[in-house]
Trainee: 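Pasting a structure here, questions to come.
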Number of protein chains: 2
Amino acid sequence: MNHNTKDTHNLFSQYLSEQNLRMTTQRELILKTFCKQKKHVTAEQLYEVLKKVDPTIGHATVYRTMKLLTEAGIARELNFGEGSVRYEPDTSKEHHDHLVCVKCGENIEFLDEEIENLQKRVVTKYGYELVDHSLNLYGICPKCQKS
Amino acid sequence: MNHNTKDTHNLFSQYLSEQNLRMTTQRELILKTFCKQKKHVTAEQLYEVLKKVDPTIGHATVYRTMKLLTEAGIARELNFGEGSVRYEPDTSKEHHDHLVCVKCGENIEFLDEEIENLQKRVVTKYGYELVDHSLNLYGICPKCQKS
DNA sequence: TTGATATTGATAATGAGTTTCATTCGCTGT
DNA sequence: ACAGCGAATGAAACTCATTATCAATATCAA
Ligand SMILES: [Mn+2]
Ligand SMILES: [Mn+2]
Ligand SMILES: [Zn+2]
Ligand SMILES: [Zn+2]
């Protein structure tokens, strides 16, 4: 289940005060707008959406805030090798990996417990301590296979 | 086993002629130098090495040639989210994934057949046609755990 | 050897993301 | 409500990786 807006707002407030940072109207707006997005967005895309609500909002503020949301565990960075980072809500309850169509960009979220476990096995085999992982599968979606 | 220099040179020559492109002294030098590298290099790092051999070589030529080598199936692009792309020899005989230390950057190459197979299962489950994949595990190496 | 055309290197341009800095805002204590 | 201080903001300049432009040069089939 997803965090609702109030959940993430509380989470963010708490994170900010822990770090002696402040909740601002811009940060509230960015959080709210980010949580509404249905797709994985880049900071630039989110900035475009935000400008319609608050035309005075700054470019840098969006980047800065997405970084904060990531540190707070509310957003997660995705790198599909496109040249820019995408963000998705990160509720830590629902980790998943991605299957991306290289033609149209459509992407499916999946979670394979077996793969997750095997990853841990690899990491411990080499004496490493697992911090994170990134698994992206690239393919051609059924729709694009027909054209 | 690795391609040797002559192998890759032939592969590259063939690819170039198929595309109506030309083998040049710069391309030969870049290929040779790239194949000698022991670690995954960025285009910039390779450029630094190349300048010592041929100080007149151009920055853009290195980038252009690494792109060609990738298309020819001789190099493979790696993205560890560092901001720049790294390259490794791609012999297709020896695919592997990476386990990277987030502290010191040391990285281990591994191949887990079970994971590879499970990936295929995921892809076919959703009706996709697998094109590529990228699996990076990030952790802390034994050495860095002690400090 | 020649000519068509691909390639090169210098340089400018791009695009994502970050830094700087003067101004404004948020919060805590009064 | 008010003051004061440090945090946050937006504009603009900047960085860094990579790509585009273009005049000069090199390759190779004929
Ligand atoms: Mn996702
Ligand atoms: Mn490797
Ligand atoms: Zn598609
Ligand atoms: Zn390490």
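Remember, it's a predicted structure, so these values are computed and weren't measured experimentally. Within every chain, numbering begins at 1; the chains are lettered A, B, ... in the order of the sequence lines, protein sequences first and strands thereafter.
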Trainee: Side-chain N or O of Q26(B) less than 4.0 angstrom from OP1 or OP2 on dA26(D)?
Mentor: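 Checking dA26(D) against Q26(B), no side-chain N or O comes under 4.0 Å of OP1 or OP2.
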
Trainee: Respond yes when some side-chain nitrogen or oxygen of K67(A) is under 4.0 Å from OP1 or OP2 of dG17(C), and no when none is.
Mentor: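 No, because none of the side-chain N or O atoms of K67(A) sits under 4.0 Å from OP1 or OP2 of dG17(C).
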
Trainee: Quick one: the side chain of R64(A) and the base of dG17(C), do they pair up donor-acceptor inside 3.5 Å?
Mentor: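 Under the 3.5 Å cut-off, the side chain and the base do not form any donor-acceptor pair.
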
Trainee: Could you tell me how far apart E82(A) (CD) and dG15(C) (P) are, to the nearest whole angstrom?
Mentor: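 One finds 15 Å between P of dG15(C) and CD of E82(A), rounded.
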
Trainee: Check every atom of dA6(C), dC5(D), dT18(D) against the side chain of L21(B) and return the nucleotide holding the closest atom.
Mentor: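 Comparing dA6(C), dC5(D), dT18(D) against the side chain of L21(B), the answer is dA6(C).
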
Trainee: Below the 4.0 Å mark, does dT8(C) have OP1 or OP2 next to a side-chain nitrogen or oxygen of R27(B)?
Mentor: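 Yes, within the criterion.
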
Trainee: Expressed in angstrom and rounded to an integer, what is the separation of Q45(A) atom CD from dA16(C) atom C1'?
Mentor: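 Roughly 13 Å, once rounded to whole Å.
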
Trainee: The side chain of R22(A) lies closest to which of these nucleotides: dT18(D), dC25(C), dA11(D)?
Mentor: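 Nearest to the side-chain atoms of R22(A), counting from C-beta on, is dC25(C).
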
Trainee: Hey, is the side chain of T24(A) poking within less than 4.0 Å of OP1 or OP2 on dT9(D), counting only N and O atoms?
Mentor: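 T24(A) to dT9(D) OP1/OP2: side-chain N or O found under 4.0 Å.
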
Trainee: Just to confirm, is there a sub-4.0 Å distance from OP1 or OP2 of dT18(C) to any side-chain nitrogen or oxygen of Y63(A)?
Mentor: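 No, outside the criterion.
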
Trainee: Does any donor atom in the side chain of E88(B) or H98(B) lie under 3.5 Å from an acceptor atom in the other side chain?
Mentor: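 H98(B) and E88(B) do have a side-chain donor-acceptor pair below 3.5 Å.
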
Trainee: Parallel, tilted or perpendicular: which describes the rings of Y87(A) and F34(A), with under 30° parallel and over 60° perpendicular?
Mentor: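 Judged by the thresholds at 30° and 60°, the geometry between Y87(A) and F34(A) is perpendicular.
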
Trainee: With a 3.5 Å cut-off and no angle check, do the side chains of Y128(B) and E106(A) form a donor-acceptor pair?
Mentor: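 Checked: Y128(B)/E106(A) side chains pair up, N/O donor to acceptor below 3.5 Å.
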
Trainee: Would you indicate, yes or no, if dA6(C) has its OP1 or OP2 atom less than 4.0 angstrom from a side-chain nitrogen or oxygen of Q19(B)?
Mentor: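 Looking at the OP1 and OP2 atoms of dA6(C), neither is under 4.0 Å from any side-chain N or O of Q19(B).
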
